[in-house]
Structure formats: structure tokens, C-alpha cells
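As the structure is a computational prediction, the values presented were derived from the model and not from experiment.
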There are 2 protein chains.
Amino acid sequence: MSKNLINWLENLLLWGIIIKLKAMTSFTEENYLKIIYMLTEQNGGNEVSTNELAEITQTKAASVSDMLRKLAEKNLINYRKYQGVTLTKEGQQIALSVIRKHRLWEVFLVDKLGFGWDEIHDIAEQLEHIDSKELTEKLDKFLGSPQFDPHGDPIPDSKGKMPSMASCKLSEVPIDQTVVMVGVLVHSPAFLQHLDKNHITLGSTIKIQEVSEFDKSFTVLLNNNQSVFVSNEVAKNLLVK
Amino acid sequence: MSKNLINWLENLLLWGIIIKLKAMTSFTEENYLKIIYMLTEQNGGNEVSTNELAEITQTKAASVSDMLRKLAEKNLINYRKYQGVTLTKEGQQIALSVIRKHRLWEVFLVDKLGFGWDEIHDIAEQLEHIDSKELTEKLDKFLGSPQFDPHGDPIPDSKGKMPSMASCKLSEVPIDQTVVMVGVLVHSPAFLQHLDKNHITLGSTIKIQEVSEFDKSFTVLLNNNQSVFVSNEVAKNLLVK
DNA sequence: ACTATTTTTTAGGTTTGTCTAAAAATTTGA
DNA sequence: TCAAATTTTTAGACAAACCTAAAAAATAGT
Ligand SMILES: [Mn+2]
Ligand SMILES: [Mn+2]
Ligand SMILES: [Mn+2]
Ligand SMILES: [Mn+2]
């Protein structure tokens, strides 16, 4: 009985079939892991709830429950029923590799192909699942091993280490100070196009000239000497240094 | 009854749901269309059989039958039971777009990232399914609108038109003639690495010095003045001009 | 503390793309 | 030409990833 099982396993090993148990995270599973990673960050390391995941994956809570059971079976997440989830070491590794690929491809699309930063998300959403370590590393070299993507988001290195950079929201900067734009907290085309229209881009120098008492909107001076108006809603989503 | 149906369809249209009937060719469907295109070419325009498809897709004939029924329903293939299939205009368009993407990505991998021509097929097999017209056209520009891929295969333009080039097999070239290597008929890493080892690459000048009576093997002189031995098996799979 | 509400899970189904086994059609060849 | 071999299709199942409806657990409000 048990001897039979061992024989059978040996046979599988011989034929290299055991690999399947190791490899194999589907497109869908990768997306869940990536989203769990990002929501955990946002929650300051706290568990992510089923409903949060359902909302962001555009599916129903029931479907999320199914997937969580499956990911837990594969030891990619820590899952206690009704208590939400966090990633295991292994799950985190996969999530970081997907994020690395996503952001490297975004750099490629903007720097090499000339896309605007508002046009690249959906394409990168597909490219992030291309499975080839050699490709990722060669792409990284080709792009000059960038540390940040076109939105200012950090690109993890091949071991999963994130470059860090102190930054704060423009909305928190006091009057008269001069800062540099280093990132955005919202990636919607509408928001990015709004920034384009106001000539605010990654690397722009921003001097805060005036802050309205009434609505906390800003008037700022850019490096091109243009003075532009920035609503508080926008200022809250701009990262500066 | 029929009025009810029309009402229902109008409702769908109103909500933009009808789009789904038009768009949507899955990864798997795209692969079938591409393979049908290539096998039809190979067969000189004749129908492709279920078993041929089963062989090359690494599935069972029963699964192929299922898929053919489905592709026929979508008007992507001409299918008469037991008689094999050919592509419709629409199916051919999709096939050519997949082939275009495959070959453009191969150029990218070799020219820009420095991969060898024997390492790129599996990666291109994934990249060919990335869905973005703008991406394909920008990639094409970035690469300088190449006409041929790293294996010498023609790259269809955005309308599906293949560049043509007269060529013949090295095995058919008479003694003493000098030709240029322009393509391979086999893409296996083993074959490509064999050519690398013998310094035969796309663009190599080849002068036929000697043809053996016995086994039809060749001794040829390359542009680097090296004299190398080429078996008939290899000569039959080398395209020259 | 104990309902009422919200969140999450379970139960039962669907679709896509695969499989094996068996039936049907076609082709081969004596 | 017609029986045997081959090819192709049909029938019936399964896993993955989704759904709706209903049940169960957790949380909140008085
Ligand atoms: Mn994705
Ligand atoms: Mn980004
Ligand atoms: Mn493919
Ligand atoms: Mn090729």
C-alpha cells in the first residue's frame, strides 16, 4: 500500500511530472497575490478582507472565498476563516516578482516606445504575467536597472528588495517651501492627464506660493516659471521630496 | 415571443453587452488559428486535418474536434465534418496578427535584449498574445519596421501583407555557386545551436565547394574563409538566396 | 446582552478547455 | 467491392474560475 505509493511517486519523479506541483501559479492567482500585497501595504501590514478583494478584483465575495481557500492550500497566503489574509514568504515573493515585471514593462513602454504615463497600465497588466526570469533580467539591464517606474513607484530588485525614498504628500508641505515631484498616489488616466495639462511631471520643481484658507487649494510655481493652481484633492495625491 | 426577444436584444445593446460577441478570441483560440494558418501554408493551401492539429497542439483529436466546432460557430474557420479546415478571411486576419506579434517580439528579444535565436521561441509564444494594437505598432516603429525575424521568417505588416523573398534550400544549389543564408526551415534550439557552432548565421555568404556523391553532404566556404561541413539533413533546412 | 446588520462562507451551477471511451465516417487495399 | 484499418466525431467527465442564493459567523447598536 504505502510501498505502492512510493513507487508511484518515484515514477512521477523519474518523468519530471512532480514539477507541476511546484510551478504553476496561474494568471488569476498572480493577480490575487499582487492585490493582496498592495492592500496589505495600504492597510499598514494588517489582514486584507474578502470584501476588499471582491471590490478590487471586480468579482463576488463568494468567488474570492474560493480562491483564498485554494491559495491557502498552496501555502501562498495565511488564511483564518472570517479573519482576512496576509501573504506567506512564498506568496510575497511571487507578488513582488509580478510587481517588478509590471513596473519594468511600464518603464519600457514610456522610455523606449514613447507611450504617455496615462496609457500604460492596461498593457503592463498583461505583460506582468510573462513567465521568463531571463527576460525580466535582460529587460532590467536594457532599461538601465531603473529604481522607479514612470509613476514614481519603486521597482523591487530581483531578490524582491524595494528601493526606498522619503517622500510626503504635497498637501502636507508648508508654504514657501520648494520640493520635487516624485510620485502619484492615484494612477487613473484622468488624474495623470490633469497633471499633464498643468505641466506637472515626475521631477518637476514645485514652489508653494499660496495656500487658500477656505478650501486648502494651492498656488504653486513650477520650474518653467509657470504659476499653476492645484486643488487639495490633487495635492493629496502628489508625492514630493 | 419574438417581440420579447427583440426587446431583450435591444436592452443588451443599450448596455453595450453585445460587444462580447464581437471581441474575445482567447489565448487558446489564437493558438489554433495560428497553427491552422501555418499548416495550411505547409500543405500548399489544402485543408488541415484534425489529427495534424492534435499532434501539434499536444492534445487529443477529441479536444480538437470540440474547438473546431467552436471556431466554425464564430466564423473563423471553414469546417466540413471529416473534411478538415481552412481559415476564413476573419480567421486569417487574426492568425496574421498573432504571427506579426510573435515575430516582432522575436526581433526585440534578439536585437534589443541580446538573446540568441535559439532562446526566444517560448517567450515569443507568450508575448504574441498581448492585446494592444498601439503596442504592436509602436514596437514595430521602435524596431525599425523589420521585414524578417531572427530566423529569416517574413513579418506581415499591420494589414497582414507578407513581404516576399525568393529563396531555395541550400540542398538544391549546384556546386561552385555562392549564395547568402536567409532563413531556416526548422526552429529547434538543437538545430540553431548546431548552425551557431559552425558559424552559419543569417546573412552568411556560402560558397559550395564540394558535394559528396555518397551522402549528398556539402563542404562550403563561409565569408570568414572557414571551410565547414554541412550534412544533407542540415542543407535541406537552410534557405539561401 | 442580545437583536439587527454586515461580512464571509458554503452549496449548487455555468463555461471553457481538456480528457477517455465508444460510435460513426472515411480511406485503404486484397 | 467490401472488410479492415484509420480518422474523426460524439458522449460523458473533470478542473478552474466564475456566478447566485442561502446559511453561518462576526460586529454593531441599543
Ligand atoms: Mn494582471
Ligand atoms: Mn506604475
Ligand atoms: Mn501561442
Ligand atoms: Mn521566428
Given DNA chain D, 5'-ward residue of the pair A:Ser26 and B:Gly84, judged by closest heavy atom: B:Gly84
Separation of atom NZ in A:Lys74 from atom P in D:dA15, rounded to whole Å: 14 Å
Sequence-distant partners of B:His194, ring pair (Phe, Tyr, Trp, His ring centres under 6.0 Å), two or more places apart: none
No-hydrogen, no-angle side-chain donor-acceptor test under 3.5 Å, A:Asn78 and A:Thr88: no
Residue among A:Asn237, A:Leu202, A:Val234, A:Leu195 satisfying side-chain contact (heavy atoms from CB on, under 4.5 Å) with A:Val184: A:Leu195
Separation of D:dT7 P from B:Arg80 CZ (nearest whole Å): 19 Å
Ion pair check, A:Lys74 and A:Glu29, cut-off under 4.0 Å: yes
DNA chain D contacts made by residues 40-50 of chain B, counting heavy atoms under 4.0 Å: B:Ser49, B:Thr50
Rounded distance (Å) that lies between atom C1' of C:dT7 and atom CG of A:Leu68: 13 Å
Per-nucleotide protein contact string for nucleotides 18-29 of chain C, where B marks a base within reach and S marks sugar-phosphate only (heavy atoms under 4.0 Å, - for neither): BBBB--BSS---
Under-4.0 Å side-chain N/O to phosphate OP1/OP2 contact, B:Asn51 with D:dT8: yes
Length of the line joining A:Arg69:CZ and D:dA16:C1', which is rounded to integer Å: 11 Å
Any residue meeting salt bridge (Lys or Arg N to Asp or Glu O under 4.0 Å) with B:Lys236, in chain and number order, not counting sequence neighbours: B:Glu233
Sequence neighbours excluded - salt bridge (Lys or Arg N to Asp or Glu O under 4.0 Å) pairs with any residue from residues 42-63 of chain B: none
Distance, rounded to the nearest Å, where A:Glu52 contributes CD and C:dT7 contributes C1': 12 Å
Sugar-phosphate only, base, or nothing, as touched by B:Tyr79 at under 4.0 Å among non-hydrogen atoms: sugar-phosphate
Nucleotide D:dA15, atom P - distance to CE of A:Met24 in whole Å: 14 Å
Pairing residues for A:Asp153 by the salt bridge (Lys or Arg N to Asp or Glu O under 4.0 Å) criterion, not counting sequence neighbours: none
Under 3.5 Å side-chain donor-acceptor pair for A:Ser217 and A:Asp215: yes
B:His121, B:His129, B:Gln126 screened by side-chain contact (heavy atoms from CB on, under 4.5 Å) with B:His102, the one that passes: B:His121
Interatomic distance where CD belongs to B:Glu55 and C1' belongs to D:dT8 [whole Å]: 16 Å
